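Contents: one structure, followed by commentary.
Model, not experiment: these values are computed from the prediction. Just so we're on the same page: letters track the sequence lines, and every chain starts at 1. The basis for the numbers below is simple: all heavy atoms, side chains too, and nothing from hydrogens, waters or symmetry mates.
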Amino acid sequence: MESVMNEPQLIQSLQARGLIAQTTDAAALDALLAEKSVTLYCGFDPTADSLHLGHLVPLLTLKRFQLAGHRPIALVGGATGMIGDPSFKAAERKLNTPDVIASWVDKIRGQVEPFLSFEGENAAIVDNNYNWFGQLNVLDFLRDIGKHFSVNAMIKKESVQQRINRDDVGISFTEFSYSLLQGYDFAELNKRYGCQLQIGGSDQWGNITAGIDLTRRLNQQQVFGLTQPLVTKSDGTKFGKTESGAVWLDPKKTSPYKFYQFWLGTSDADVYRFMKFFTFMALDEINAIEAADQASGTKPEGQRILAERATELVHGHDALVAAQRISQSLFSEDQGSLTEDDFEQLALDGLPTVTLSREQGSLIDALVAGELATSKSQARGFIESGAAVVNGAKVTELTYAMGDADRRFGRYTLLRRGKKNHCLVIWQ
RNA sequence: GGGGGGAUUCCCGAGCGGUCAAAGGGAUCAGACUGUAAAUCUGCUGGCUCUGCCUUCGAAGGUUCGAAUCCUUCUCCCCCCA
């Protein structure tokens, strides 16, 4: 047999990081993982043109398994994405068109790949469940797959209860059938690749157990499931959201600078926990940082370290350096010391910019053009409340027009709204 | 197929012929404080050529001096019965 370097007690180590919500037959799973290189999978449905922070935990967990010598499969849900997972969703979602979904599938595949290694004995696999569902006809589906599911049991699942019980929402047959598809994925991956473990968020428990049952019935194989806690914030608000919506992994949708800033804003109560979730740092190291922060009595280092590690992990070293450059220019240094080159670099690094002609000096218009305000009314409100800052100086004059005195090096103006929303105006 | 209920501003949710850009709550945003925290307090939250005007209460028509509120048709959703 090949010599696989299985990390001992992978499960225990995941548990110590708080990355496990539940597993099926923990003892047997533990034994299996210790015995050999196991093939495992996690599904990613194309519900948008990019993955977001919520997807990062299972994605990194696939990597953790791979690092421990196991073989990960990232399954992109070209078929399941056309149906929509109803698990714990309050309402029926509207369907997207097949070609939109197909384009999302491509993007998501591209986002997943950089996280995994496609070399060596446990090289990762990326597959798409459209490959087996695309050709499946209705009668075969109902006879071969549907026959193994009990509606009585499906209705009892907690993940659909709120849709069954509430009297103002319902659930369509389409979404109700979703777990059959995901269940069949597991059986199919088991047949194709010998896949024996499925991981996912804790909301996936019902779908995962459906797959385990189906695999046993179709393939007579015992397979396992492992779910991970959904990331929560200590203040109860939803994790991974900013004013402009979700934090995406696609740098075009959420710039590395914004991404870095997002982590920097993590609350003290969450930061060390998130380090365990979103970095590969050793537990000892994280605990040491926490202890040092607690002892220091000043501003903690945890947020900075988390932001650095997470940004580098997702966007790479260069993007991290750029994000830090922007952050430093905007928040720490005296902005008066910025050189002309610095301004150019800020634009290159991804600080939001807007190009205006010299006649358009109106501050209100510039705030709107720079997307620091969504309307002129809102821009007025910001100026009145003292939230508008031009080159570091607060401006409260509603009709303020920027002139040559506001143009650094004749062509740059740094606009700020509130504490941390910046835009670089380039004058033409 | 039959019967009943519903669709309100970002979300929940009041309003049920004028005093409604529409209560209340949530969330966001902003200000103070601060560590680009947390907690707390304060304020804003349809748009504009802004003492006024325009658009909005599922869609389209209608009644009326006047409609989110009444009528008609339509679309979508939910529940119950068959």
Rounded to the nearest Å, what distance is computed from the [atom1] atom of residue [X] to the [atom2] atom of nucleotide [N]?
{"X": "A:Leu367", "N": "B:C44", "atom1": "CG", "atom2": "P", "answer": "20 Å"}
{"X": "A:Lys420", "N": "B:G31", "atom1": "NZ", "atom2": "P", "answer": "11 Å"}
{"X": "A:Asp293", "N": "B:A37", "atom1": "CG", "atom2": "P", "answer": "16 Å"}
{"X": "A:Asn421", "N": "B:U36", "atom1": "CG", "atom2": "P", "answer": "15 Å"}
{"X": "A:Lys419", "N": "B:U34", "atom1": "NZ", "atom2": "P", "answer": "11 Å"}
{"X": "A:Glu384", "N": "B:G31", "atom1": "CD", "atom2": "C1'", "answer": "13 Å"}
{"X": "A:Ile305", "N": "B:A37", "atom1": "CD1", "atom2": "C1'", "answer": "16 Å"}
{"X": "A:Gln324", "N": "B:U36", "atom1": "CD", "atom2": "C1'", "answer": "14 Å"}

By nearest nucleotide on RNA chain B, pick out whichever of A:Lys376 and A:Gln303 is the more 5' one.
->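 Result: A:Gln303.
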By nearest nucleotide on RNA chain B, pick out whichever of A:Ser172 and A:Arg416 is the more 5' one.
->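 Between the two, 5'-proximity favours A:Arg416.
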Between [M] and [N], how far apart are the [atom1] atoms? Round to whole Å, please.
{"N": "B:G46", "M": "B:G1", "atom1": "C1'", "value": "44 Å"}
{"N": "B:A23", "M": "B:U45", "atom1": "P", "value": "10 Å"}
{"N": "B:G25", "M": "B:C74", "atom1": "C1'", "value": "34 Å"}
{"N": "B:A67", "M": "B:U55", "atom1": "P", "value": "12 Å"}
{"N": "B:G61", "M": "B:U51", "atom1": "C1'", "value": "37 Å"}
{"N": "B:A60", "M": "B:G5", "atom1": "P", "value": "25 Å"}
{"N": "B:C77", "M": "B:G26", "atom1": "C1'", "value": "24 Å"}
{"N": "B:U64", "M": "B:A68", "atom1": "C1'", "value": "16 Å"}

Which nucleotide, [options], lies nearest any side-chain atom of [X]?
{"X": "A:Phe382", "options": "B:C29, B:A37, B:C48", "answer": "B:C29"}
{"X": "A:Ser327", "options": "B:A30, B:A37, B:U36", "answer": "B:U36"}
{"X": "A:Phe331", "options": "B:G47, B:U36, B:A30", "answer": "B:U36"}
{"X": "A:Leu264", "options": "B:U36, B:A30, B:A37", "answer": "B:U36"}

Between the main-chain N or O of A:Gly200 and the side-chain N or O of A:Gln228, is there a donor-acceptor pair closer than 3.5 Å?
->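 Judged by distance alone, no pair lies under 3.5 Å.
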Is there a Watson-Crick or G-U wobble partner for B:U75 with both distances under 3.5 Å, and which nucleotide is it?
-> B:A7
Tell me the partner of B:C57, counting only Watson-Crick (N1-N3 plus N6-O4 or O6-N4) or G-U wobble (N1-O2 and O6-N3) with both under 3.5 Å; none if nothing fits.
-> none
Do any side-chain nitrogens or oxygens of [X] fall under 4.0 Å of OP1 or OP2 in [N]?
{"X": "A:Arg417", "N": "B:A30", "answer": "yes"}
{"X": "A:Thr266", "N": "B:A37", "answer": "no"}
{"X": "A:Lys299", "N": "B:U36", "answer": "yes"}
{"X": "A:Ser267", "N": "B:A37", "answer": "no"}

From A:Leu330 atom CG to A:Lys419 atom NZ, the distance as rounded to the nearest 0.5 Å = 14.0 Å
Counting any heavy atom closer than 4.0 Å, what does [X] reach on the DNA or RNA strands: base, sugar-phosphate only, or nothing?
{"X": "A:Gly381", "answer": "nothing"}
{"X": "A:Gln378", "answer": "nothing"}
{"X": "A:Ser385", "answer": "sugar-phosphate"}

Do [X] and [Y] meet the criterion of a side-chain donor-acceptor pair at a distance under 3.5 Å?
{"X": "A:Gln9", "Y": "A:Asp30", "result": "no"}
{"X": "A:Tyr41", "Y": "A:Asn190", "result": "no"}
{"X": "A:Gln204", "Y": "A:Asn207", "result": "yes"}

For the pair A:Asp250 and A:Lys107, find out whether any cationic side-chain nitrogen is under 4.0 Å from an anionic carboxylate oxygen.
-> no
According to the interplanar angle, ranging from 0 to 90°, do the rings of A:Phe133 and A:Tyr184 count as parallel (below 30°), tilted (30 to 60°) or perpendicular (above 60°)?
-> tilted
